[in-house]
Amino acid sequence: MGIRLYNSLTRGKEDFSPGNPDRVLMYVCGPTVYAHSHIGHARSAVSFDVIYRYLKYRGYKVEYARNYTDVDDKIINRANEEGVDPAELAVRYIKAFDEDMAALGVELPTYRPKATETIKEIIEVTERLIGKGFAYAVDGDVYYSVKLKKDYGKLSGKNIDELEAGARVEVDERKNDPLDFALWKAGKPGEPSWESPWGMGRPGWHIECSAMCMKWLDETIDIHGGGRDLIFPHHENEIAQSEAATGKAPYARYWLHNGFVNIEKEKMSKSLGNILNIRDALKEHTSEVLRLFLLSSHYRSPIDYTQDSLNEAEAAVERFYKTLKRIADECPDAVAADSRPSGSEERLNGLIEAMDDDFNTAEVIGNIFKEVNRANRALDEARASGKRTSATELSFILFAFKEAGRFLGIFNKDPEGYFREKNSRSAMPAEEIERLIMERNEARRLRDFKKADSIRELLLSRGIALEDTPKGTEWTVRR
RNA sequence: GGCGGCGUACCCAAGUGGCAAGGGAGCAGUCUGCAAAACUGCCAUCCAGCGGUUCGAAUCCGCUCGCCGCCUCCA
């Protein structure tokens, strides 16, 4: 069995069969850099990050390109509002996006092209389209003729006649057809412009992806991804222009689209003012909690960012690392064991099967918590019987965690690091906490439980929770 | 109006033909000076509703109800 994935183009699951397993080509639409990226961008980036990691994990050689749209109406408008240069604004938000991605633990794609660095190729594709009669130039603009390709609409399931009937696009007299879209836009004074056969101007939105894809990957690629909302018109137009230009179809074999993130059940939108930036979310939760939250549902389903679901993700991360710490404390042999214990491959099967089935990270996470339960049970039994725990069983479990951590990009810290980081956010200095713990333990030794309990309550009121374990008293920050 | 998706326990969420994963909450128990954590048990005879196909359906088909997305250069 191999990977099966849901293809938006055929609306069904298909066996993944790339053109060349040693060079799987994947392109994902990146951000338009005119503002800080929000949690929706995070979902797209994390979803495809996991897909990228998993394909590599399964032995494919992957070339992954994710672009930056760094010239666009929104960028120009925002730059004008702020009175800065559009290019400068774009650079600023590319940097911010890169920082956000790094904070989320998103691996760098193989290529990160920018539209403005692909102007030559954009012009070349546009010329090809004109040469083949699929595009026409008017007053410095170049438009793509939607009607000339009869399979237009195959991705979004739209048909041209109905689109025309309900067209909400403002009619531009210079277009042959209201549905035609701009490949090249004539430059206005003060806007970023490049020389072209049609005069000074800048690229349209859809064409940049086709050009970047061809430049860095190929004329036919394996996987093309992006948010659901990009299906129409962006990806539909990309397919049309790419296939028209190259004469090859399909442009991309598999189209993958991630679902939206709602905030407290409402769609994120400027009008509602509920756009949640990645950096703001990271002030409330660690990147691991955010990633776990995002990966706890299937990547195609819509998800709700709510206080409750984030708290649950946080509790789950905590439970995971607590168990990891227990294993390290109570069965060091398991940690010291071979990182790939023989006979453990079977242990991975459930995880692999889940991931093979359209990247079902939710099921993988469910399986991981089954293993967490197994580990705790084994440790409890050892504690009760006074015998040492079987290191073999636990080393299998650790192996499963480690492997899953490689493609999920979570659950891969060492427990010491996790708790150190968490406890570093304590409002009370660690020395003071330690001093109070010693004081309480002295009281406990003297069986002055009233005093012991009052110290614990004092700490709890300051956000510090205590746990008496066989290894001594431990503390953690509780929100 | 066109296209697409969804509806699984108190909440979140897997499961797409063979007796309903996982997490959170709750209740009871073990452990503990007491807690916490962990573990154990309980918690959907049932998967929006109604029909149909089938030996067998949450899973396939039809209809109904409810929710949502796209059709606006919003991931």
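Between Lys185(A) and Gly157(A), it is Gly157(A) whose nearest contact on RNA chain B lies nearer the 5' terminus. Where Leu230(A) and Lys158(A) meet RNA chain B, the nucleotide closest to each residue was compared, and Lys158(A) sits on the side nearer the 5' end.
A cation-pi contact, defined as under 6.0 Å to the ring centre and within 45° of the axis, links Arg300(A) to Tyr6(A).
Checked by distance alone, Asn159(A) brings no side-chain donor or acceptor within 3.5 Å of a matching partner on the base of G2(B). At a cut-off of 3.5 angstrom, counting only N and O atoms as typed in the model, there is a donor on one side and an acceptor on the other between the side-chain of Asp468(A) and the base of C34(B). With hydrogens and angles ignored, no donor-acceptor pair under 3.5 angstrom links the side chain of Arg228(A) to the base of G5(B). Residue-to-nucleotide contacts include a donor-acceptor pair under 3.5 Å from the side chain of Arg456(A) to the base of A35(B).
At whole-Å resolution of the value, NZ in Lys265(A) and C1' in C12(B) are 8 Å apart. Atom CD1 of Ile303(A) and atom C1' of C68(B) are 15 Å apart (whole Å).
Nucleotide C55(B) forms a pair with G18(B), judged by Watson-Crick or G-U wobble geometry with both contacts under 3.5 Å.
Neither side chain, His36(A) nor Asp100(A), offers a donor N or O lying under 3.5 Å from an acceptor on the other.
Counting any heavy atom pair closer than 4.0 Å across all strands shown, Arg440(A) reaches a base atom.
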